[in-house]
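Quick notes on the structure that follows.
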Amino acid sequence: MPSSQISALPSARDIDLLHDRINQWYLQHARDLPWRTGANTPWEVMVSEFMLQQTPVKRVLPVWETWLERWPTPADLAAEEPGEAVRAWGRLGYPRRAQRLHAAAVAVLERHGGKVPASYEELLALPGVGSYTAAAISVFAFGRRATVIDTNIRRVHARLISGKALPSKALTAAETRLAEALMPEDLAESNLWNVSVMELGALICTAKSPSCEQCPVFDRCAWVAAGKPEADYQPKGQAWAGTDRQLRGAMLSVLRAASGGVDRTLLTTGGKPDVAYPAELAPAIRALAALNSPSEQIDRCYAGLLADGLAQEKAGLVSL
DNA sequence: GAGCCGTGGTC
DNA sequence: TGACCAAGGCT
């Protein structure tokens with residue numbers, strides 16, 4: 001059997017057992033998260049999904065709260081300048097998500113009368129919404145029937161069904177077919193299954209050291225049965241020190257602290273300007289200067305931020 | 001499809 | 001301690 005093929009699907013009876021066990025586990029052990037109260041607006045769910053892209057729950061919680069106090073509807077956010085969204089995003093990371101969330105709010109206002117659409121296709125057409133986020137909003141906010149596939153779900157499926165330590169690097173068609181085949185027929189049960197498997201992956205079937213002894217389907221796990229073989233590839237890791245991402249982040253930190261716009265030389269000198277600047281910018285400027293970035297990299301990153309629309313320059317002044 | 005895009009917690 | 005990782009999306 002080619003390695004791209006998923007191992008044999010369990011019998012219908014065994015799949016029912018997985019549904020029962022994992023859904024039951026979820027009902028007993030799920031975290032109490034504010035975007036999962038059952039009374040959330042679709043917008044609240046949508047904001048949570050944007051913030052949770054590649055970002056841990058713990059860091060999202062406070063920003064989600066303040067964001068929704070300030071912009072309780074898509075129209076509220078759409079009425080703001082995009083730069084304010086980037087500033088309010090704070091240090092959540094990947095600030096282009098804030099930019100895309102703003103753009104999505106504008107699109108919701110223009111295309112959908114200010115109401116977050118419920119269908120997978122309409123959601124997918126919004127800026128910053130890919131296959132995961134479209135399915136997640138459709139299921140979690142509207143109770144639609146869709147197949148949610150995130151990194152947690154992929155990992156659970158890889159272990160439980162395919163007997164592998166980790167899913168492949170990129171989502172495959174076979175994985176999607178597997179996820180669809182495992183989805184309960186019943187609508188309510190399918191909604192629960194999506195969130196249950198994701199939660200199992202987040203709390204028990206974790207990437208590093210899974211808590212198999214607490215897993216409700218430990219005795220059904222193909223990976224455990226195979227003796228927990230190692231992954232067939234090495235995660236490549238993410239370089240950070242000296243990267244453009246680090247420098248861009250330091251520049252954006254200065255811009256977030258500067259509400260009115262600042263002299264462009266604060267950034268284009270790599271944080272070593274000849275001009276005076278407001279005292280409240282000092283920490284961010286120092287952090288930028290400490291990188292000692294080569295001028296070529298500084299130029300590239302500054303131009304990149306402008307090109308990406310994360311910074312605006314006008315008459316020598318830069319702002320978000 | 002591989003590479004890029006932020007940030008901070010964890011072991 | 002530094003490498004890995006976290007509810008991805010886009011080019």
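Small disclaimer: the values here were computed from a predicted structure and weren't measured. Just so we're on the same page: letters track the sequence lines, and every chain starts at 1.
- Residues A:Ser168 and A:Arg154 bring a donor and an acceptor atom of their side chains to less than 3.5 Å of each other.
- At a non-hydrogen distance threshold of 4.0 Å, nothing from residues 277-298 of chain A comes into contact with DNA chain B.
- Distance CZ (A:Arg248) to P (B:dC4): 12 Å, rounded to an integer number of Å.
- Comment: A:Arg87 engages A:Glu84 in a salt bridge, judged by a side-chain N to carboxylate O separation of less than 4.0 angstrom.
- Atom-to-atom distance recorded for A:Leu124:CG and A:Tyr132:OH is 14.0 Å, nearest 0.5 angstrom.
- Heavy atoms of other residues, nucleotides or ligands lying less than 6.0 angstrom from CD of A:Glu213 number more than 12.
- The structure places CD of A:Glu44 at 15.0 Å from CZ of A:Arg36, a figure rounded to the nearest 0.5 Å.
- Per the geometry, CD belonging to A:Gln99 stands 14 Å off C1' belonging to B:dG6, to the nearest Å.
- In this entry the distance linking CH2 of A:Trp240 with P of B:dC5 reads 9 Å, nearest Å.
- The residue A:Ile153 sits apart from the nucleic acid: no heavy atom pair falls under 4.0 Å.
- For B:dG6, the OP1/OP2 oxygens have no side-chain nitrogen or oxygen of A:Arg91 closer than 4.0 Å.
- Comparing A:Leu310 and A:Ser209 along DNA chain B, the residue whose closest nucleotide (by nearest heavy atom) sits nearer the 5' end is A:Leu310.
- Rounded to the nearest 0.5 Å, atoms CE (A:Met251) and OG (A:Ser293) are 7.0 Å apart.
- The nearest whole Å value for the distance from the CD atom in A:Gln246 to the P atom in B:dT7 is 10 Å.
- Rounded to an integer number of Å, the gap from CG of A:Leu247 to P of B:dC5 is 10 Å.
- On the P atoms, C:dG9 is 23 Å away from B:dG8, given to the nearest whole Å.
- Distance check, rounded to the nearest 0.5 Å: CE of A:Met183 to CG of A:Asn191 gives 9.0 Å.
- Taking atom CG of A:Leu92 as the reference point, atom P of B:dG8 lies 10 Å away to the nearest angstrom.
- A:Asp244 comes within contact range of the sugar-phosphate backbone alone, with a heavy-atom separation under 4.0 Å but no base atom that close.
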For nucleotides 3-11 of chain C, 5' to 3', base contacts (B), sugar-phosphate-only contacts (S) and non-contacts (-) with protein non-hydrogen atoms under 4.0 Å give -SBBBBSS-
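- Under 3.5 Å, the side chains of A:Tyr302 and A:Glu313 contain a donor-acceptor pair of N or O atoms.
- Legend: residues meeting ring pair (Phe, Tyr, Trp, His ring centres under 6.0 Å) with A:Trp43, ordered by chain and number and at least two apart, are absent.
- Between C:dC4 and B:dG3, the two P atoms lie 15 Å apart (nearest whole Å).
- Distance, A:Trp89 CH2 to B:dT7 C1': 12 Å, rounded to whole Å.
- Nucleotides B:dC11 and C:dA7 place their P atoms 14 Å apart, quoted to the nearest Å.
- Rounded to the nearest Å, the gap between the C1' atom of B:dG1 and that of C:dC10 is 12 Å.
- Remark: C1' of B:dG6 and CE of A:Met51 are 15 Å apart, rounded to the nearest angstrom.
- Residues A:Arg97 and A:Leu92 form a side-chain contact, since some pair of their non-hydrogen atoms from C-beta on lies under 4.5 Å apart.
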